[in-house]
Chemist: 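Here you go, one structure.
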Amino acid sequence: MADKFEPNIVGFLCNWCSYAAADLAGSNKLEVPATLTTIRVMCSSRVDPVMLLSAYLRGADGVLVAGCHPGDCHYQTGNYLARRRFALMHKILETFGLDSNRFRLSWISASEGKRFSEVTNEFAEHITKLGPNPLRKMPFIE
Amino acid sequence: MAKIGLYLCECGPNIADAIDLDRVAAEIEKDGKVAGIERHKLFCSADGKKFLAESIKKNGFERFVIAACSPKQHEGTFAEVASDVGLNPQMFQLVNIREQCAWTVPDKEQATGKALRFIRAAVTRVQYHQALEQKEIDCNPDVFVIGGGIAGIEVALRTAHKGRKVFLAEKGELGGMLKERGLLFPAMEPAGDFLGPRIDALRNNPQIELFENCKVKEVLGFFGSFVALLETQEGKEIELKAGSVVLATGAQAFNPKELAEYGYGKLDGVYTADEIEKRGVGKLLTESAKPVKSVAVIHCVGRDKLGYCSKMCCVNSMKIARQIREQSAETEVVELYRDLCLPGKGYDRFYKETEAKGVKFARFESVEVTGGDSGLTVKYKQPGGTGAELAVDMVVLSTGLAANPSNPELADMLSISVDESGFFVEEHAVLNPVSTMTEGVFIAGCARGPGDTRDTIVQASATAGKVLSSLVPGKRLQLETRTSEVSEKLCVGCGTCVTVCAYGATTLDESRHIAVVNEVLCRGCGNCASACPSGAAKHRHFTTRQLNQEVTEILK
Amino acid sequence: MAENNNVLVIGAGLAGIEASLLLSNAGRKVYLVERNSYFGGTVIKSEEVFPNMECATCMIAPKQSQLLEDKNIELLTLTDVTDVQGDVGDFTVKLASRARYVSLVNCIGCGACFEPCPVSVDNEFEEGLMKRKAIFLACAGALPNAPAIDMDCCLRAKGEDCTACKDACMFDAISFEEKDEEKEIKVGAIIVATGYQLGDVSRFPEYGYGKIENVFHAFEFERLRASNGPTEGAIKTRDGREPKSIGLIHCVGRDAGGYCSQVCCMYLTKFACYAFDKVEGVEVHEFFQELSTPGKAGQKFLDEAKEKGVKLVRARGVELSGNGEGVRITYQDGKTGKDTVDVDMVVLAPCIEPNSGADALAKLLGIEPGDFGFFKTTEFDPVATKRAGIFVAGCNEGPKSMQDVVVQAEAAVAAVLNGSKADTAVRRQDPAQD
């Protein structure tokens with residue numbers, strides 16, 4: 001391969017904690033991977049597994065969902081519900097022939113700018129090692 | 001297709017130096033999805049906002065994307081500009097290419113690529129934005145208070161006002177736990193002197209309607225318009241309408257009968273603190289009418305069983321002890337305690353004053369009361385394990401506070417919860433301590449947890465503060481715009497959304513067999529939209545379609 | 001004369017924020033006055049709050065943003081109240097605002113001005129655990145998101161013509177010419193929410209604070225654990241080691257002060273949880289006099305910490321001494337006599353005192369300072385002062401938990417909104433007592 005593999009990672013961030021942490025990482029000029037593009041949702045519970053699957057089918061090399069720490073949810077229990085919904089995610093990915101580590105659910109609070117930087121860099125590194133999403137080449141996409 | 005404008009904010013050098021905005025503009029133009037692209041040094045400045053408004057008007061843009069800073073900083077700013085130029089405030093998308101791109105990706109080439117992905121996603125997304133209406137509804141400012149103890153009384157007195165009625169329902173008589181109290185600490189004034197004028201004020205207030213000896217049968221409705229059904233002793237039903245409900249059901253003394261070690265109910269001369277107060281702490285006499293010469297006051301009765309410290313009992317028992325000493329200096333009083341709970345600025349002094357009145361204090365780890373012909377024996381283990389014994393004429397059990405057993409039933413009625421001890425659970429332990437998960441339902445006093453009279457009064461006032469500030473007579477309630485909705489066509493009535501909503505905003509409409517969202521209660525988390533198996537629940541402004549468009553564009 | 005409906009709230013901590021938001025919601029115009037350059041009070045010093053160990057920033061930041069966007073609320077930072085005249089419904093208040101030298105309108109909070117500033121002084125917000133520049137933001141994420149120039153240490157105050165920060169600013173936000181300002185406002189009611197400070201622990205030589213290197217006070221430990229603090233959340237000794245053992249000392253200054261500060265038992269237990277979370281295998285010893293965990297959540301919180309392994313020691317007469325890099329704790333255990341424990345670091349829980357300036361403010365407002373300098377209220381109306389129309393909320397009335405601070409702020413709002421009418425109907429004629 002001539003070019004170094006550059007993954008394409010989608011991050012869903014909850015408005016109250018993780019999105020704020022991503023902003024704080026910015027204010028503190030901490031590095032966040034260029035390969036991660038984020039989408040703001042009000043609560044991590046807004047993200048559903050189907051949405052994630054469609055991201056993989058469209059070629060996402062990795063998907064990160066980040067929300068408030070358990071117990072800290074702005075909407076009381078949203079992150080617990082998110083956790084339950086994604087409990088099966090790893091299994092589902094494997095059924096699709098994807099490495100289950102292409103999905104990550106993280107709890108990052110509004111004051112954890114540094115943690116946001118660490119988690120995303122570590123995840124991006126991991127995804128880079130895994131290489132491209134094999135579904136990218138599948139004919140049935142689109 | 002709607003005419004979309006793209007605005008690139010330089011944010012001084014913050015974005016302009018980190019991202020190649022010329023390339024961004026060129027590439028987006030090539031995509032052919034936007035009708036115009038403009039740049040400004042700083043869109044959030046007064047000059048920038050003016051430029052933005054004029055440009056939108058001049059170009060006739062129907063939607064716009066502004067690539068600048070975090071929506072947490074300026075989403076409101078640009079929503080205002082949108083409104084000013086006659087667009088619905090949802091008709092734009094703010095792209096965060098500062099905090100989440102310019103400032104976090106040091107390589108300009110990479111940062112530009114990332115910014116492009118962000119902007120393309122927004123340009124696609126904004127095409128699917130829908131205008132949302134800022135809804136307002138009329139609300140009923142009246143208050144329905146459940147419980148006629150000091151908490152309920154204070155709430156009623158502090159909310160009854162011109163333009164606002166208060167309905168207070170009490171299943172028995174007014175006065176609550178304070179009826180049984182002798183003096184109030186630390187001021188040592190008779191509880192009756194405190195309670196009496198308040199009950200009079202309550203009865204004389206034309207804005208307050210009292211329903212004594214009434215049971216609450218049902219409460220329906222929601223914030224701004226509740227309907228309650230009461231039942232009198234005679235079985236008559238009364239219907240009330242109110243905008244908010246306050247639960248002030250109080251607590252009750254722990255019953256020491258279930259703990260054998262105190263001999264309560266078996267041994268003569270063993271009383272609870274409440275019983276002593278009810279008898280009057282005047283001249284204490286034994287069952288055989290002899291003057292009491294020695295008293296042991298045992299703290300923390302029921303604490304382990306209850307699982308918490310009731311806060312008010314340490315000082316309350318000191319109050320009793322010093323009254324006994326004041327009545328008769330010959331009477332020996334020993335307080336057996338585990339840990340002295342004297343929180344706040346006044347209680348350490350109260351303790352020292354009590355000690356100065358000759359009340360003795362001894363720490364125990366475990367205790368047992370036994371009876372004999374000559375009186376009572378209190379055997380206790382001291383710290384370190386050595387045993388000790390007191391021979392006394394009387395034992396006073398300082399009991400903790402247990403939750404009102406009627407709480408779970410009321411909690412059910414109002415879709416809130418009680419904790420494992422039976423106290424109502426607040427919406428947020430720190431930030432919303434008198435609110436509950438059902439908007440418009442508040443909790444005050446010992447209904448929400450054990451505390452002293454002062455705590456109860458402040459909480460009752462706090463509840464009044466919440467009611468007075470949220471339901472203002474004549475003022476309409478403004479509703480959240482980015483709420484959820486359920487499509488009648490797609491909904492199969494499975495009720496999944498009902499079970500996941502933390503705010504009781506989704507309910508099943510039994511007649512139509514579909515779920516409906518109450519926009520007054522919905523806080524817009526979008527949880528129901530992802531839970532819905534049939535795609536009927538939709539989170540406005542975060543619809544699956546909008547989010548999927550973002551995802552697709554990012555992954556192109 | 002028509003009653004003025006505007007409200008002045010003094011102090012923009014947890015109580016002031018809550019009161020202002022509720023008042024605004026009721027349609028009142030609020031002047032929220034804060035003497036610091038940032039708002040959020042002491043809450044924003046914490047990483048997590050008990051009993052649910054929630055992230056403090058996540059909890060308070062949405063309220064702060066809401067407040068900054070609220071058009072009914074005028075937040076005046078770096079501002080003191082200098083005079084109050086008039087009566088309930090018609091107060092005339094003089095405010096003095098110190099120059100920020102940074103325009104809140106122009107500044108976008110990019111922070112480009114920090115780096116070039118040649119001055120370096122202790123950051124008070126970080127309890128001196130890190131440095132700041134003369135132009136500074138109290139901590140990352142502090143709001144409003146604009147720095148202030150501390151003219152006490154700026155080179156310009158020493159006569160030098162330094163323009164480093166101004167040169168770096170691309171938004172023309174810095175003006176050295178900005179002057180202190182005075183302003184007069186009319187309000188109908190006042191809520192005083194000036195908060196608390198921790199008692200000075202160096203008053204008590206037995207704890208060796210300031211002499212023994214690894215003795216910390218509670219705020220220092222909070223900042224050590226803070227993700228946006230000097231160590232980015234790593235608990236470390238002053239010489240940068242990860243502690244293997246920590247001693248937490250309760251009731252520091254309680255006997256001398258004469259009152260229990262109410263929250264220390266709980267927050268030290270929270271500190272124990274911090275330590276267990278951040279430092280693997282750490283030993284935590286708590287030295288207490290009386291364990292006070294009132295309310296429905298207290299015991300459970302303590303039990304959880306016990307499960308994590310905190311060692312609770314009932315102790316009197318605690319004395320600290322240096323022991324190499326560590327600290328030796330000597331105490332009376334009440335059973336066998338004197339005992340000692342050696343630890344790597346010690347955290348003291350000082351008593352909670354009314355904030356500096358409370359006495360002067362009480363005088364200026366014509367309300368009474370009460371016991372221990374906390375504001376005096378009516379016994380069974382714990383927000384009302386002796387002066388009609390002036391109410392207190394939060395820890396300036398007495399030490400209390402964050403929950404109780406919010407409760408009292410909401411209670412003060414009730415007092416403002418109903419003009420205390422219902423209450424005066426039953427209040428007896430006796431003066432404020434305590």
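Because the structure is a prediction, the values reported are computed rather than measured. Labels below follow one simple rule: chain letters A, B, ... track the order of the sequence lines, proteins then strands, and each chain is numbered from 1.
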Chemist: For Ala20(A), is it the side chain, the backbone, both, or neither that has a heavy atom closer than 4.5 Å to a heavy atom of chain B?
Modeler: both
Chemist: Heavy-atom distances under 4.5 Å only: say whether Ala531(B) touches chain A with side chain, backbone, both or neither.
Modeler: both
Chemist: Output the distance between atom CD1 (Ile554(B)) and atom CG (Asn8(A)), rounded to the nearest 0.5 Å.
Modeler: 7.5 Å
Chemist: With a 4.5 angstrom heavy-atom cut-off, is it the side chain or the backbone of Phe12(A) that approaches chain B, or both, or neither?
Modeler: side chain
Chemist: Is there a side-chain contact between Arg523(B) and Met42(A), using heavy atoms and a 4.5 Å cut-off?
Modeler: no
Chemist: Of the listed residues (Asn15(A), Asp48(A), Thr37(A)), which shares the most heavy-atom pairs with chain B below a 4.5 Å separation?
Modeler: Thr37(A)
Chemist: Does any N or O in the side chain of Gln76(A) come within less than 3.5 Å of the main-chain N or O of Glu427(B), such that one atom is a donor and the other an acceptor?
Modeler: yes
Chemist: What part of Thr499(B) gets closer than 4.5 Å to chain A, counting heavy atoms only: side chain, backbone, both or neither?
Modeler: neither
Chemist: Salt bridge or not between Glu75(B) and Arg40(A)? Use side-chain N to carboxylate O under 4.0 Å.
Modeler: yes
Chemist: Mind checking whether Met51(A) and Leu547(B) have side chains closer than 4.5 Å, heavy atoms only?
Modeler: yes
Chemist: Using every non-hydrogen atom in the two residues, find where Ala55(A) and Val551(B) come nearest and quote the distance to one decimal.
Modeler: CB-CG1, 3.7 Å
Chemist: Within the distance-only criterion (no hydrogens, no angle test), does the side chain of Arg117(B) pair as donor or acceptor with the backbone N or O of Ala34(A) below 3.5 angstrom?
Modeler: yes
Chemist: What part of Arg125(B) lies closer than 4.5 angstrom to a heavy atom of chain A: side chain, backbone, both or neither?
Modeler: neither
Chemist: Contact between Thr38(A) and Gln100(B) at the side-chain level, heavy atoms closer than 4.5 Å - yes or no?
Modeler: yes
Chemist: Which region of Val10(A), side chain (C-beta onward) or backbone (N, CA, C, O), has a non-hydrogen atom less than 4.5 Å from a non-hydrogen atom of chain B, or is it both or neither?
Modeler: side chain
Chemist: With only heavy atoms counted, which part of Leu13(A) is less than 4.5 Å from chain B, the side chain, the backbone, both or neither?
Modeler: side chain
Chemist: What option among Cys69(B), Ala111(B), Gly113(B), Pro71(B) has the most heavy-atom pairs under 4.5 Å with chain A?
Modeler: Pro71(B)
Chemist: Check step by step if side-chain contact (heavy atoms from CB on, under 4.5 Å) holds for Thr104(B) and Glu31(A).
Modeler: CA-CA 5 Å; Thr104(B) 46; Glu31(A) 272 192 50; 6.0 Å; no
Chemist: OH of Tyr503(B) to OG1 of Thr77(A): how many Å apart, nearest 0.5 Å?
Modeler: 7.5 Å
Chemist: When you measure from the side chain of Asp23(A) to the backbone N and O of Ser70(B), does any donor-acceptor pair fall under 3.5 Å?
Modeler: no
Chemist: Is Thr35(A) in contact with chain B via its backbone, its side chain, both, or neither, using a 4.5 Å heavy-atom distance?
Modeler: backbone
Chemist: For Leu81(A), is it the side chain, the backbone, both, or neither that has a heavy atom closer than 4.5 Å to a heavy atom of chain B?
Modeler: side chain
Chemist: Any side-chain donor-acceptor pair under 3.5 Å between Arg46(A) and Thr544(B)?
Modeler: yes
Chemist: Among the options Ser44(A), Ser54(A), Ser27(A), Ala25(A), pick out the one with the most heavy-atom pairs lying under 4.5 Å from chain B.
Modeler: Ser27(A)
Chemist: Pick from Val47(A), Val63(A), Val50(A), Asn28(A): which one has the most heavy-atom pairs with chain B under 4.5 Å?
Modeler: Val47(A)
Chemist: Are the side chain of Lys72(B) and the backbone of Tyr19(A) linked by a donor-acceptor contact shorter than 3.5 Å?
Modeler: no
Chemist: Examine whether an atom of Pro33(A) lies under 4.5 Å from a heavy atom of chain B, and if so say whether it belongs to the side chain, the backbone or both; otherwise answer neither.
Modeler: backbone
Chemist: Please report the closest heavy-atom contact between Ser45(A) and Asn527(B), naming both atoms and the distance.
Modeler: OG-CB, 3.1 Å
Chemist: Considering only heavy atoms, which portion of Asp61(A) lies under 4.5 Å from any heavy atom of chain B: side chain, backbone, both, or neither?
Modeler: neither
Chemist: Let me confirm one number: the OG1-CZ distance from Thr552(B) to Arg58(A), rounded to the nearest 0.5 Å.
Modeler: 3.5 Å
Chemist: Between the side chain of Lys114(B) and the main-chain N/O of Leu36(A), is any donor-acceptor distance below 3.5 Å?
Modeler: yes
Chemist: Return the minimal non-hydrogen interatomic distance between Cys43(A) and Cys525(B), and the atom names on each side.
Modeler: CB-O, 3.6 Å
Chemist: Can you name the closest pair of heavy atoms from Tyr75(A) and Ala502(B) and give their distance?
Modeler: O-CB, 3.9 Å
